[in-house]
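Have a look at the structure below, then the notes.
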Amino acid sequence: MAYWLFKSEPSTWGWADQQAKGEAGEEWDGVRNYQARNFMREMKLGDHGFFYHSQTEKAVVGVVEVIAEAHPDSSTDDDRWDCVDIKAVRPVKTPVTLDMIKADGRLDNMILVRNSRLSVQPVADAEWQIICGLAGIDP
DNA sequence: GCCAACGTTGGC
DNA sequence: GCCAACGTTGGC
């Protein structure tokens with residue numbers, strides 16, 4: 001299974017919104033960046049990801065699961081853009097802040113640190129384990 | 001609220 | 001196909 005990270009501004013679409021959708025989940029639409037789109041096209045059913053709040057909070061706040069592989073983004077007629085559907089799996093016990101991630105030398109190569117603007121990004125297995133540890137949840 | 005980084009667009 | 005201009009994102 002591959003691991004990913006989904007970034008969102010909590011004022012636009014936050015963890016609470018995602019949880020409210022329950023098992024039905026929701027399209028991760030609105031992505032207008034080729035790199036991010038390409039990562040979504042690589043996602044497989046059942047892959048897991050972190051839900052990250054940008055801007056005010058800057059922390060990993062939950063775990064999500066891919067429940068539909070890439071399909072056309074219904075928020076646009078432009079057929080260049082695809083997206084996946086994800087559902088909330090569980091919240092973290094302890095939010096893992098960007099500061100914590102930056103302070104941990106093992107996470108220096110995370111895209112989150114290297115390229116803060118990419119909104120959908122892969123997470124390495126080792127990084128997943130480490131962040132789950134910091135978050136107080138089982139990988 | 002500012003600014004740096006980066007991606008996209010459009011003119012040539 | 002290049003590159004300048006512009007818009008957007010996100011950290012600080």
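Chain naming here is simple, since letters A, B, ... match the order of the sequence lines and numbering starts at 1 in each. Worth saying up front: this structure is predicted, and the values here are computed from it rather than measured.
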Closest to the [X] side chain: [options]?
X	options	result
A/Tyr52	C/dG11, B/dC6, B/dT8	C/dG11
A/Arg117	B/dA5, B/dT9, C/dG11	B/dA5
A/Asn33	C/dG10, B/dT8, C/dG11	B/dT8
A/Lys58	B/dT8, C/dC12, C/dG7	C/dC12
A/Ser116	C/dG10, B/dG7, C/dC12	C/dG10

inquiry  = Closest-nucleotide mapping onto DNA chain B: is A/Arg80 or A/Arg114 further toward the 5' terminus? I mean the 5' end.
reply    = A/Arg114
ask   = On DNA chain B, nearest-nucleotide positions of A/Gln55 versus A/Gln35: which is more 5'?
value = A/Gln55
inquiry  = So does A/Ala88 get a backbone contact from the side chain of A/Gln19, meaning a donor-acceptor N/O pair under 3.5 Å?
reply    = no
query = Is the backbone of A/Val63 close enough, under 3.5 Å, to the side chain of A/His48 for a donor and an acceptor to pair up by distance?
reply = no
query = Does atom CG of A/Asp108 have more than 12 heavy-atom neighbours, drawn from other residues, nucleotides or ligands, at distances under 6.0 Å?
reply = yes
[N] [atom2] sits how many Å from [X] [atom1], rounded?
X	N	atom1	atom2	value
A/Lys7	C/dT8	NZ	P	17 Å
A/His53	C/dT9	NE2	P	16 Å
A/Glu9	C/dG10	CD	C1'	8 Å
A/Tyr34	B/dG7	OH	P	13 Å

ask   = If we ignore angles and hydrogens, is there a donor and acceptor under 3.5 Å between the side chains of A/Ser11 and A/Gln55?
value = no
message = Within the 4.0 Å heavy-atom criterion, would you say A/Leu118 contacts the bases, only the backbone, or no part of the nucleic acid?
response = nothing
